[in-house]
Amino acid sequence: MLPLDGITVVTLEQAVAAPFASRQLADLGARVIKVERPGTGDFARQYDSAAKGMSSHFVWLNRSKESITLDLQHPDGKFILDKILSEADVFIQNLKPGAVDRLGFCSDVLKEKYPQLIICGISGYGSYGPYKDKKAYDLLIQCETGVVSITGTEETPSKAGISIADIAAGMYAYSGILTALISRFKTGKGQVLEVSMLEALGEWMGYPLYYSEYGGSEPKRTGASHATIYPYGPFLAGDEKLVFMGIQNEREWANFCEIVLEDPALKADTSFNSNARRLANSSQLKEIIDAVFQNLSAEAIISRLEKAEIANAHLNTVQEFVNHPQLKIRNRWRHVQSPAGMLKALIPPVTFEDLEPAMNPIPTVGEHTESILKEFGIDASTIDKYRTTGVL
């Protein structure tokens, strides 16, 4: 028995944010019925074909779900969705602004018809305000929140390499829905909640926000280095490999001087005896560090850093992360069935002592249409009619 067994989630979802939220609910045992466009389905199915002919995005976000196809422009399609929602616990949508309202499924209507229903809308900028109808893709939200302005090198602003705006919105939708389920357990009533990508990623901008608002300057773009701490970031070893490290306090600075640089006198040098001074004189300090590191291999540097109890990391490729020894020893990988065969999948990062998450198959477009319709009392002849008229 998983925590969300017995909970039914219905989704009108595309791409990343909403599917990320609903997949995590599915991981905890919720039944997720994904309503897709007849024929093509969720457009993320066509992003690429890297995962044995399937989209890498879709594989990541859509295991353990049931897929039903409905043409929601057709009255019969709307009738079927309404019938399913009448028995659902959660409704999630991230269609373009206003689309769900035009279909007749706005939150006010659903709240009145189904007071037990938890209704979650995910959008780029929220349900009102001057930006409410503006298209919102992950890159654009990273720009609007200032993420791109502080990411990259001094010469080249860059976006994060993964969809952090979508992921942030999906995470807050997921936690918000869990909160609403707890509230409903106490009150018996559903909730209406909305999550905007702008506000979700804005929460993640807390440190640079306060630094800029009250510090009198914007954080600098420093590549993989830290804007306000030094030394913190990549350093080149003698074997041309990068070692990443970070010094957080004066105890670590002293250990770094004594054990890593083998220069105990340096820890008392007034040019470097506080983080502010090390940051102000970073160019000079980098020359000192480079002079030592150019005579050592990356593994030798990491060995010294470990001995000095200073945080460090290899620069892994994605494939090296897949083969990471820590993931292997902690048994983090499972296999999920898909239309293309078995695929590897990481289990969710929250580890319960006595619960194994649901890791069920990834559906084809409309795979469960007939079984769901029959479950809701629609007979075979009516299903055939729906197919003929293009409802399914």
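Remember, it's a predicted structure, so these values are computed and weren't measured experimentally.
Between atom OG1 of residue Thr364 and atom CZ of residue Arg45 there is a gap of 6.5 Å, rounded to the nearest 0.5 Å. Separation of atoms CD (Gln142) and OG (Ser158) is listed at 10.0 Å; rounding is to 0.5 Å. A distance of 8.5 Å separates OG1 of Thr8 from CD of Glu66, quoted to the nearest 0.5 Å. Residue Leu61 holds its CG atom at 12.0 Å from CD of Gln14, rounded to the nearest 0.5 Å. Separation of atoms CZ (Arg23) and CG (Asn62) is listed at 9.5 Å; rounding is to 0.5 Å. Here the CG atom belonging to Asn281 is positioned 9.0 Å from the OG1 atom belonging to Thr270, to the nearest 0.5 angstrom.
The side-chain contact (heavy atoms from CB on, under 4.5 Å) search around Thr187 returns Ser183, Lys189, not counting sequence neighbours. Residues passing the side chain to side chain donor-acceptor pair (under 3.5 Å) test with Asp133: none are found, sequence neighbours excluded. Listed by chain and number, the residues in a salt bridge (Lys or Arg N to Asp or Glu O under 4.0 Å) with Glu154 amount to none (sequence neighbours excluded). Listed by chain and residue number, nothing satisfies the salt bridge (Lys or Arg N to Asp or Glu O under 4.0 Å) test with Glu199 (two or more places apart in sequence, or in another chain). In this view, Gln319 and Thr317, Val322, Asn323 satisfy the side-chain contact (heavy atoms from CB on, under 4.5 Å) rule, not counting sequence neighbours. The salt bridge (Lys or Arg N to Asp or Glu O under 4.0 Å) test applied to Arg221 returns no partner, not counting sequence neighbours. Residues satisfying the side-chain contact (heavy atoms from CB on, under 4.5 Å) criterion with Asp48, sequence neighbours excluded, are Ala50, Ser55, Ser56, His57.
Remark: the backbone N or O of Glu252 is not paired with any side-chain donor or acceptor of Glu309 at under 3.5 angstrom. Judged by distance alone, with hydrogens and angles left aside, the side-chain atoms of Arg277 form no donor-acceptor pair with the main-chain N or O of Ser271 at under 3.5 Å. In this structure, the side chain of Asn312 does not engage the main chain of Gly246 through any donor-acceptor pair within 3.5 Å. Put simply, the side chain of Ser67 gets close to the backbone of Gly366: a donor and an acceptor are under 3.5 Å apart. A donor-acceptor pair under 3.5 Å links the side-chain atoms of Thr151 to the main chain of Val147, judged by distance alone. In terms of modelled atom types and a separation under 3.5 Å, the side chain of Asp71 and the main chain of Gly77 share no donor-acceptor contact. The backbone N or O of Asn331 lies less than 3.5 Å from a partner atom in the side chain of Arg334, making a donor-acceptor pair.
By the 4.5 Å side-chain criterion applied to Ile, Leu, Val, Met, Phe, Trp and Tyr, Tyr128 is assigned to no cluster and stands alone. With a 4.5 Å cut-off between side-chain heavy atoms of Ile, Leu, Val, Met, Phe, Trp and Tyr, the cluster of Tyr211 takes in Tyr207.
Looking at heavy atoms from C-beta onward, Phe244 lies in side-chain contact with Pro234 at the 4.5 angstrom threshold. With a 4.5 Å cut-off on side-chain heavy atoms, Pro19 and Lys65 count as touching. Between Glu258 and Pro264 there is a side-chain heavy-atom pair separated by less than 4.5 Å. Side-chain contact between Glu13 and Gln93 is absent, with no heavy-atom pair separated by less than 4.5 Å. Ser64 is not listed as a side-chain neighbour of Val32, based on a closest heavy-atom distance of 4.5 Å or more.
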Result block: side-chain N/O donor-acceptor pairs under 3.5 angstrom for residues 292-300, not counting sequence neighbours:
residue, atom, partner, partner atom, Å
Asn295, ND2, Ala291, O, 3.2
Ser297, OG, Ala300, N, 3.1
Glu299, OE2, His314, NE2, 2.9

Distance-only donor-acceptor hits, side chain of residues 160-178, under 3.5 Å, sequence neighbours excluded:
residue, atom, partner, partner atom, Å
Tyr172, OH, Trp204, NE1, 3.3
Ser175, OG, Met171, O, 3.2
Ser175, OG, Tyr172, O, 3.2

Only pairs under 3.5 Å count here: list side-chain donor-acceptor contacts from residues 380-387, not counting sequence neighbours, and write none if there are none.
residue, atom, partner, partner atom, Å
Ser381, OG, Asp379, OD1, 2.9
Thr382, OG1, Asp379, OD1, 2.7

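Tyr137 and Phe20 sit in two unconnected hydrophobic clusters of ILVMFWY residues. Membership requires side-chain heavy atoms under 4.5 Å apart, directly or through other members.
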Practice task
In sequence, state the C-alpha distance, the side-chain angles, and the governing distance for Thr69 and Glu36, and then conclude on side chain to side chain donor-acceptor pair (under 3.5 Å).
Solution key: CA-CA 5 Å; Thr69 55; Glu36 299 192 69; over 6 Å; no

Handout entry: Stepwise salt bridge (charged side-chain N to carboxylate O under 4.0 Å, His left out) check, Glu375 with Arg31
Key = CA-CA 14 Å; Glu375 177 187 341; Arg31 180 189 189 186; 2.6 Å; yes

Exercise for the section: Give the C-alpha distance, both sets of side-chain angles, the deciding distance and a yes or no for side chain to side chain donor-acceptor pair (under 3.5 Å) between Asp82 and Tyr114. Expected result: CA-CA 10 Å; Asp82 191 65; Tyr114 310 120; 3.0 Å; yes

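Ion pair Glu250/Lys267 not flagged as a salt bridge, since none of the NZ, NE, NH1 or NH2 atoms sits closer than 4.0 Å to an Asp/Glu carboxylate oxygen.
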